[in-house]
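The structure appears below as structure tokens.
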Amino acid sequence: MLNMAQGRPGTWLRHCIAGSEDLPNVISAREIVDAESRFTRFAPLLATLFAGEQGAGWDGLVRSPLISFPAENGALALVKADNDLAPTGSVKARGGMHELLWLVERTGLEQGLITPASDYRVLLGDDATTLFSRQRVVVASTGNLGFSIGRIARAFGMTAEIHMSREAKAWKKEQLLALGADVIVHDGDYSETVAAARAAARAAGSHFVDDERSRLLLAGYACAAAELRDQLMELGVAVGRERPILVYIPCGVGGAPGGITRGLKALFGAGAVCVFVEPVGSACVTAALAAGGTPSVYACGGDNVSIADGLAVPRASELVMAAVGNAIDAAVTVTDAEMIEWVGRVWDCAGIKLEPSAAAAFAAHGRLIEAAATLGRPLPVDAVPVFWCTGGARMPEKEFEELLSLGRGGSPAGNAVTRRLPSGKGNFADQFRPSSRGSS
Ligand SMILES: *Cc1c(COP(=O)(O)O)cnc(C)c1O
């Protein structure tokens, strides 16, 4: 039985990495295609709605750059920059926004405001706004899901009720209040907060975005796979079993990494090695993989305390485990110290601003390579790591500087912006020695 009590990081590896296990049809290919076409139908509307923040040049498509870090030894490492994903600055702009667009579209269709062939920008008109103003959306979140849901709901004039768990950061609460969302803070963990929000939504007849059970969220996240495939092709990176991508995705309930994995396995099969990354004390997917079912981390000795608020979740989503449990190749747990260290390294090397949850992706690479070699299942040397950077752009400068100074042993951070190096100057490949703080 898995024991998290010592707080030591570790690695769970599938017996046959990128094996041939078929993906169960829990989330169908049809649901993903529907999500992709929904994003396309809404693009002109989103470009109009967010022109102020994203600039008039934004095409309304929810896509993030794939950034390459060529290293001196010729190795390639890639960053999927959802930390700055338009329009809400985290991976939740994929899943969370997709569910809201689904709701807006269904309302518009039912009320006869649009047909699937319409210019959806009519949904920004007065008739639609009057209608949406009677709708209430409820969600539980440690911050980023709430912000994506709140931002989009409020933009259409809906009421947004965001239930937050105790690890929610003050600045995330403040940004939600500034949107005009109703914020309810619970003194419980994330699982308890989801349950409370679900009950509140049912009682009020509101639409509940269910982070543990929503198929629409997973389908939205899954759309990222085709985007990555196109970007890899543009970069001329041919992916296959001989040269897989090692995709490191930070994991809370498992929705974002699960949806992305669902999409990647369908497109790349054994060419995509999908690695979920969790804080040591909140390793709920690791626990589910190691022990079966969806045990609570508390039962495995975990305390669910982590600086990575987006990942501090005590129990994995059953839907995610059913949909992609068999397809997850590895799960790696990382410490707070490692995440903080990587926030600083990624900033120094590449000028990319990450929150600790997102930096977890980088902390996992050295450990996975080492564990795979130790267990006699080494990964191809030219496998391409892809670090899924899930959030960070919205972090206020002050919070970010405090994080950087934590990583430098608490010395005052000074002005972080002046230390920014041009992109690509750092040598990432040299940095992935497993931290001396951890062991596999
Ligand atoms: C939500 C989130 C995750 C993980 O997503 P889950 O669906 O909870 O697994 C990872 N990183 C960040 C920054 C997030 O906001």
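All ligand and atom numbering here is 1-based and tracks the order in the structure. For clarity, every value in this text was computed on a predicted model and none was experimentally measured.
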Does the distance from a Lys or Arg side-chain N to an Asp or Glu carboxylate O, for Glu397 and Lys353, drop under 4.0 Å?
-> yes
Partners passing salt bridge (Lys or Arg N to Asp or Glu O under 4.0 Å) against Asp34 (at least two apart in sequence or in another chain) = Arg30
Under a 4.0 Å N-O cut-off, is there an ion pair linking Lys92 with Asp211?
-> no
Note down each nitrogen or oxygen pair, ligand 1 side and protein side, whose separation is under 3.5 Å; give only atom names and the distance to 0.1 Å.
from: ligand 1; atom 1: 7 (O); to: Gly255; atom 2: N; distance (Å): 3.1
from: ligand 1; atom 1: 7 (O); to: Ala256; atom 2: N; distance (Å): 2.8
from: ligand 1; atom 1: 8 (O); to: Val253; atom 2: N; distance (Å): 3.1
from: ligand 1; atom 1: 9 (O); to: Gly252; atom 2: N; distance (Å): 2.7
from: ligand 1; atom 1: 9 (O); to: Val253; atom 2: N; distance (Å): 3.3
from: ligand 1; atom 1: 9 (O); to: Gly254; atom 2: N; distance (Å): 2.7
from: ligand 1; atom 1: 9 (O); to: Gly255; atom 2: N; distance (Å): 3.3
from: ligand 1; atom 1: 11 (N); to: Thr390; atom 2: OG1; distance (Å): 2.7
from: ligand 1; atom 1: 15 (O); to: Lys92; atom 2: NZ; distance (Å): 2.6
from: ligand 1; atom 1: 15 (O); to: Asn144; atom 2: ND2; distance (Å): 2.7

With sequence neighbours excluded, give me every side chain to side chain donor-acceptor pair (under 3.5 Å) pair touching residues 248-258.
-> Tyr248-His365
Could you list all the ring pair (Phe, Tyr, Trp, His ring centres under 6.0 Å) pairs where at least one residue sits in residues 171-206, not counting sequence neighbours?
-> His163-His186
Check ion pair Lys169-Glu355 (N to O, under 4.0 angstrom) | no
